[in-house]
Amino acid sequence: MNGIQLAQGVTLPLSHACKHALITGATGTGKSTTAGAMVEGLSAAGVPVLVFDAKGDLESLGARVWCPFGQRGAHRAINLGAAGADLVARALDLSPAQSGAVEIVAAYAEDKGYALACLDDLQAGLRICTEQRAAVSAQYGLFSPASAAAVSRAILPLRRAIGDAFGLPGLDPFEAASAGGVTVYSCGRLAQYPGAYAAAVTACLLTLYRDAAELGQVDRPALAVLVDEAHLIFDGATPALVRKLEQVARLVRSRGVMLIFATQSPADLPPVISAQLITRIQHGLRATTPGQVAAVRAAAMGLPSAGGRDLSGEILALGVGEALCSVPDMRGRPGAAVRAKMRRGRIELRPIEVARPATVPVVKAFRPDPPGPLPVKEDRGLWRLLNPIARLFVRI
Ligand SMILES: Nc1ncnc2c1ncn2[C@@H]1O[C@H](COP(=O)(O)OP(=O)(O)OP(=O)(O)O)[C@@H](O)[C@H]1O
Ligand SMILES: [Mg+2]
């Protein structure tokens with residue numbers, strides 16, 4: 001059978017891999033190990049894979065590693081223009097009024113043909129729109145200088161912390177697809193800012209949605225995209241963005257794109273999204289609080305089971321590396337979940353070795369240098385220059 005063996009008796013048919021996959025389980029139960037084995041299997045079958053690595057432990061999977069800061073691999077940044085105004089607003093944690101100002105700057109930049117790739121471009125756009133607010137407001141709707149100023153203030157801390165992550169060259173999933181093999185986008189530092197991580201992932205998915213060609217039914221994916229810590233994409237996403245992502249998940253299927261989302265619980269994702277992820281690998285969950293008990297029950301209900309039996313007890317009993325697996329059958333129908341010991345890949349999952357910077361940055365003492373002897377100044381007070389009567393008085 002032309003598929004990827006995930007466990008003894010569990011094979012994912014490549015021709016139905018584009019029905020997407022969801023890997024869930026409590027921390028330490030084996031999600032990354034299963035995801036790693038799946039990535040290796042896809043790559044061995046000739047499918048290029050792009051991995052969004054939120055923790056750094058998947059870097060060793062990559063034939064190449066890219067990094068938004070250029071520190072852990074080749075520099076590939078988040079192009080704000082590709083991300084779009086609503087993702088920029090989310091990365092900056094803006095209010096709806098402030099998002100409106102970003103929306104106007106984005107529209108203005110597009111119409112004028114200006115690049116809006118990095119945070120400095122956005123600052124410049126805010127300044128220009130503020131200077132020309134009458135004309136801008138007439139064309140795009142009310143542009144509020146107060147909102148623009150608030151956006152500028154929001155940019156400042158992000159720019160200082162992770163400013164290099166935005167700009168060019170932008171992360172391009174088609175580059176990963178044509179390079180072949182496994183490309184890991186190392187997001188350990190970026191994921192400390194969930195809005196920025198969400199912007200990187202979502203911009204990539206929107207690019208695929210916009211630019212990938214329709215392929216119809218494929219015998220194997222043209223590209224697989226693995227997103228670790230996938231809940232970060234949806235935390236705080238607006239309903240409009242969730243709707244958009246549902247559409248993306250639905251439509252990229254026939255463009256040969258396979259999505260693999262890994263997160264702790266299926267309840268971490270909006271139901272409209274998890275409904276699009278047909279292959280399910282459910283590792284163990286723990287339930288000590290009422291909320292966790294409900295999450296286990298919901299996870300069990302999301303798994304097709306033989307005879308419709310309740311799988312909650314089995315989910316709680318799974319050991320490390322074990323999972324309940326539901327993969328599509330050869331006709332693409334979701335198969336009944338079976339309990340299995342998952343295969344490990346051949347590559348040990350770990351961060352890559354990166355040479356430490358040779359020089360230690362010089363940190364200047366906050367206290368200014370001690371003052372030398374005070375220079376004797378000629379008295380040229382501003383008040384004398386400005387006030388002719390006083391000047392006259394001093395002369396006298
Ligand atoms: N199939 C398996 N067989 C044997 N050991 C496994 C298997 N899967 C995972 N393990 C072991 O369990 C530990 C945790 O695995 P892993 O990092 O994959 O978990 P995780 O669910 O991704 O954890 P986290 O939520 O912290 O990211 C590792 O030490 C790994 O070697
Ligand atoms: Mg993990």
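Counting starts at 1 for both ligands and their atoms, in listed order. Computed from heavy atoms alone, side chains included, the values below leave out hydrogens, waters and symmetry copies.
Between the side chains of H283 and T34, at least one donor N or O lies within less than 3.5 Å of an accepting N or O. Side chains of Q264 and T24: a donor-acceptor N/O pair is absent below 3.5 angstrom, by distance only.
Atom 17 (O) of ligand 1 has S32 CB, 4.1 Å as its closest protein atom, hydrogens excluded (heavy atom only). Among protein heavy atoms, the minimum distance from atom 19 (O) of ligand 1 is reached at G30 N, 3.1 Å. Counting protein heavy atoms only, atom 6 (C) of ligand 1 is closest to R344 NH1, 3.4 Å. Counting only heavy atoms of the protein, atom 1 (N) of ligand 1 lies nearest to M342 O, 3.0 Å. The shortest contact between atom 2 (C) of ligand 1 and any protein heavy atom is with G321 CA, 3.6 Å. Ranking the protein heavy atoms by distance from atom 26 (O) of ligand 1 puts T27 OG1, 3.0 Å first. From the protein, the heavy atom lying nearest to atom 9 (C) of ligand 1 is T33 OG1, 3.2 Å. G28 O, 3.6 Å is the protein heavy atom nearest to atom 14 (C) of ligand 1.
In this structure, atom 11 (C) of ligand 1 has a protein heavy-atom contact shorter than 4.0 Å. At a distance under 4.0 Å, no protein heavy atom can be found next to atom 29 (O) of ligand 1.
Contact annotation: R343 has no heavy atom less than 4.0 Å from any atom of ligand 1. Residue A26 places a heavy atom under 4.0 Å from ligand 1.
The side-chain contact (heavy atoms from CB on, under 4.5 Å) with I233 is formed by just one residue from the set L269, L245, T263; it is L245.
Residues E59 and I352 come closest through the heavy atom pair OE1-N, 2.8 Å. Among all heavy-atom pairs drawn from I4 and G41, the shortest one is CG2-CA, 3.8 Å.
Looking at R255 and E214, a side-chain N of the basic residue comes within less than 4.0 Å of a carboxylate O on the acidic one, giving a salt bridge. Under 4.0 Å is where a charged nitrogen must lie from a carboxylate oxygen, and between R159 and D120 at least one such pair does. Between R72 and E353 no salt bridge is recorded (no basic side-chain N to carboxylate O distance below 4.0 Å).
Relative ring orientation between F52 and Y185 is described as perpendicular, the plane-to-plane angle rising above 60° on a 0-90° scale split at 30° and 60°.
With a 4.0 Å cut-off on non-hydrogen atoms, K55 touches ligand 1 through its side chain and not its backbone. Contact annotation: for K31 versus ligand 1, heavy atoms closer than 4.0 Å belong to both the backbone and the side chain. Contacts with ligand 1 closer than 4.0 Å are made by side-chain heavy atoms of K341 only, the backbone lying farther away.
At a cut-off of 2.8 Å, T33 is not counted among the residues with an N, O or S atom near the Mg ion (ligand 2).
By the 6.0 Å contact criterion, CZ on R189 is enclosed, its count of non-hydrogen atoms from other residues, nucleotides or ligands being greater than 12.
When only interatomic distances are considered, the shortest N/O to N/O separation between E229 and ligand 1 does not fall below 3.5 Å.
In this structure a side-chain-to-backbone donor-acceptor pair under 3.5 Å is present from Q292 to T289.
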